[in-house]
Participant: 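The structure under discussion is supplied below as structure tokens; questions concerning it will follow.
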Amino acid sequence: MTSKSTRPMGRLRKTVLASTLAVTLAAGGTAAWAIDRFVVEKVEISNVSEYEASRTAATSAGSASGGSAADDSGVSNADTADSTDTDSADTAATEETLTDTSYQSGGDSINISTVVTGSGAETVTYYVADVVLSDATTLRSAFAQDSFGENITETTSGIAEANNALFAINGDYYGFRSTGIVIRNGVVYRDEAAREGLAFYQDGTVKVYDETATTAQQLVDDGVWNTLSFGPALLEDGQIVDGIEDVEVDTNFGNHSIQGEQPRTAVGVIDENHLVFVVVDGRAEGYSDGATMTELAGIMQDLGAETAYNIDGGGSSTMYFNGALVNNPLGRGEERGTSDILYIGQ
């Protein structure tokens, strides 16, 4: 694993965009709106942790209203308390094992491996995290600067450290666009259907879905815990999806093609509560050339995924474990700022 970088690079993408826009304006363009749209931070919720806690408390209070000391099965609160005490004692006795590349605690495990294929200019290096969870809600999401909105960025490592994460990958960079369904940790943040998304349910299932065929609230009512809005879907029923080389995620100003050999991040589903996360490094000749969408789909297929989904890549592609970067972004060990992460806490 590479050592963690300490340089403050969370504004790199913003700097590039600002420079590009400045040239456009100097040339007499009329895109002044773009600086405001793609560079200036627009905070909609400034304390996400507090906001989520209040929403969760309100939901719990609503569910508990009208309840009684015993449920329909006749189990009393006292019986539940005794059971909780026993569960707590069992949890406390669970042995944890942590190494530089693995974690094991009860029914939860994380195993990280490095794969190198090819040689010379065709070398591709990628990192695999095989994750098994006993509870699907252990996989959480966090936003840069603990704030929700547009153009708010921080490095994956920075967000991970702020949330006491053991493992993390970059998310879907929701803040670069104003569309998509954004549900995080069971809370709705945005409901602007636009594309094919990925939904993580509280029961451990994960599904690719059409955002335009539902609503954020319906998804939450159905048990969705987190969503990602990027794409494309790479695998369905274990088979590579047709046409993935031609998908456009964004068509707005500043968008770069997601085609070609690029750094990549993908999420795969092997079974309920059994996930595989892959980060492919790229744009670094001799170390890692990157992967096309079809090549990425092949990697996920070889790992045994039945469903796989592409998320934000390029300089954002980052994997973090136990306090350090796992991959080597762009072959320079330098992270680019992103809007959000998926993580597992310590």
Side-chain angles (χ1 to χ4, degrees), residues 1-5 9 12-13 99-102 110-131 156-157 167-170 172-173 230-236 238-249 256-270 274-322 324-336 338 342:
M1 295 194 337
T2 58
S3 61
K4 182 173 59 184
S5 173
M9 291 164 284
L12 178 57
R13 178 180 282 189
T99 72
D100 287 343
T101 58
S102 67
I110 304 170
N111 289 284
I112 294 174
S113 57
T114 304
V115 180
V116 180
T117 65
S119 61
E122 301 299 318
T123 301
V124 175
T125 302
Y126 61 92
Y127 301 84
V128 179
D130 187 285
V131 175
T156 295
S157 293
F167 168 79
I169 61 163
N170 62 285
D172 61 7
Y173 209 121
F230 200 90
L234 303 169
L235 298 178
E236 291 181 358
Q239 301 302 307
I240 297 176
V241 178
D242 290 335
I244 55 178
E245 296 294 348
D246 302 319
V247 173
E248 290 187 353
V249 175
H256 295 279
S257 172
I258 63 171
Q259 279 71 49
E261 295 170 331
Q262 305 289 348
R264 306 286 186 186
T265 304
V267 180
V269 184
I270 295 176
H274 188 181
L275 306 173
V276 61
F277 301 93
V278 170
V279 168
V280 182
D281 280 339
R283 303 177 190 168
E285 186 174 347
Y287 162 63
S288 190
D289 191 39
T292 65
M293 284 293 171
T294 301
E295 289 168 344
L296 180 63
I299 290 171
M300 305 306 288
Q301 188 177 54
D302 290 344
L303 291 169
E306 290 294 312
T307 300
Y309 186 84
N310 175 67
I311 54 179
D312 189 34
S316 298
S317 289
T318 313
M319 184 180 290
Y320 171 99
F321 182 73
N322 195 22
L325 274 176
V326 174
N327 67 313
N328 183 7
L330 305 181
R332 299 193 295 268
E334 299 179 355
E335 295 181 75
R336 183 175 72 184
T338 188
L342 289 176

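Since the structure is predicted, the reported quantities are computational estimates derived from the model, not experimental observations.
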Participant: Rounded to the nearest 0.5 Å, what separates atom CD in Glu261 from atom CD in Glu122?
Facilitator: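 These two atoms lie 6.5 Å from each other.
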Participant: Distance from Glu295 atom CD to Gln262 atom CD, nearest 0.5 Å?
Facilitator: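 Nearest 0.5 Å value for the CD-CD distance: 11.0 Å.
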Participant: Please report the C-alpha distance between Asp130 and Ile270 in whole Å, then the side-chain angles of each, then the deciding distance to 0.1 Å, and finally whether the side-chain contact (heavy atoms from CB on, under 4.5 Å) criterion is met.
Facilitator: CA-CA 9 Å; Asp130 187 285; Ile270 295 176; 4.0 Å; yes
Participant: Mind listing the closest non-hydrogen atom pair of Tyr173 and Ser316 along with its distance?
Facilitator: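 For Tyr173 versus Ser316, the nearest heavy atoms are CD1-OG, 3.9 Å.
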Participant: Pro263 and Ser317: which non-hydrogen atoms are nearest, and at how many Å?
Facilitator: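 Closest heavy-atom pair between Pro263 and Ser317: C-OG, 3.7 Å.
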Participant: Side chains of Thr101 and Ser113, heavy atoms from C-beta outward: is any pair under 4.5 Å?
Facilitator: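 They are not in side-chain contact.
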Participant: Side chains of Thr265 and Asp312: closer than 4.5 Å at any heavy-atom pair?
Facilitator: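 No, too far: nothing below the 4.5 Å cut-off.
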Participant: Between atom CG of Leu325 and atom CE of Met319, what is the distance when rounded to the nearest 0.5 Å?
Facilitator: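 Taking CG in Leu325 and CE in Met319, the distance rounds to 11.0 Å.
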Participant: How many angstroms lie between atom CG of Asn111 and atom CZ of Phe321, to the nearest 0.5 angstrom?
Facilitator: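 Nearest 0.5 Å value for the CG-CZ distance: 8.5 Å.
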Participant: Measure across Gln301 and Gln239 and return the closest heavy-atom pair with its distance rounded to 0.1 Å.
Facilitator: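 Closest approach of Gln301 to Gln239, heavy atoms only: NE2-CA, 4.0 Å.
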Participant: Within the supplied structure, the quantity of interest is the number of heavy atoms (other residues, nucleotides, ligands) at a distance under 6.0 Å from Glu285 CD; does it exceed 12?
Facilitator: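 Incorrect, the count does not exceed 12.
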Participant: May I ask you to test the Asp289-Thr123 pair for a side-chain heavy-atom distance under 4.5 Å?
Facilitator: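 A side-chain contact under 4.5 Å is absent here.
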Participant: What are the two closest heavy atoms between Thr156 and Glu335, and how far apart are they?
Facilitator: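 Thr156 and Glu335 have their closest heavy atoms at N-OE1, 3.3 Å.
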Participant: Would you say that Val267 contacts Ile169 through its side chain, given a criterion of any heavy-atom pair below 4.5 Å between the two side chains?
Facilitator: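 Answer yes - side chains close enough.
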Participant: Kindly write out the residues that satisfy side chain to side chain contact (heavy atoms under 4.5 Å, CB included) with Ala297, not counting sequence neighbours, or none if the list is empty.
Facilitator: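 Ala297 satisfies side chain to side chain contact (heavy atoms under 4.5 Å, CB included) with Leu234, Leu235, Ile240, Ile244 once adjacent residues are dropped.
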Participant: Ala291 and Arg264: which non-hydrogen atoms are nearest, and at how many Å?
Facilitator: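 Scanning both residues completely, I find the closest heavy atoms to be O-NE, 2.8 Å.
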Participant: If we ignore angles and hydrogens, is there a donor and acceptor under 3.5 Å between the side chains of Tyr287 and Asp281?
Facilitator: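 Yes.
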Participant: Under 6.0 Å from the CG atom of Asp242, do we count more than 12 heavy atoms belonging to anything else shown?
Facilitator: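 No - once you tally the heavy atoms of other residues, nucleotides and ligands closer than 6.0 Å, there are 12 at most.
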Participant: List the residues meeting ring-ring contact (aromatic ring centres under 6.0 Å, His included) with Phe167, not counting sequence neighbours, and say none if there are none.
Facilitator: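 Phe277.
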Participant: Considering all heavy atoms of both residues, which atom of Met293 and which atom of Glu245 are nearest to each other, and what is their separation?
Facilitator: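 Minimum heavy-atom separation between Met293 and Glu245: N-OE2, 3.3 Å.
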Participant: Does a donor on one side chain sit under 3.5 Å from an acceptor on the other, for Thr338 and Asn170?
Facilitator: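 There is no such pair between these side chains.
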Participant: Within the structure provided, determine whether Val326 and Val279 are in side-chain contact (heavy-atom separation under 4.5 Å).
Facilitator: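 Answer no - side chains too far apart.
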Participant: Could you tell me whether the side chain of Asn322 and the main chain of Asp100 form a donor-acceptor pair under 3.5 Å?
Facilitator: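 It does not hold such a pair.
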Participant: Could you give the distance from CG (Leu303) to CG (Leu275), rounded to the nearest 0.5 Å?
Facilitator: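 Result: 12.5 Å between the selected atoms.
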Participant: Under the side-chain hydrogen bond (donor to acceptor under 3.5 Å, both in side chains) rule, collect the residues that match up with Ser102, sequence neighbours excluded.
Facilitator: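 Once residues adjacent in sequence are excluded, the partners of Ser102 under the side-chain hydrogen bond (donor to acceptor under 3.5 Å, both in side chains) criterion are Thr99.
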Participant: Using the side chain to side chain contact (heavy atoms under 4.5 Å, CB included) definition, which of the options Val280, Val276, Ile299 pairs with Val128?
Facilitator: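 The single option meeting the side chain to side chain contact (heavy atoms under 4.5 Å, CB included) with Val128 is Val276.
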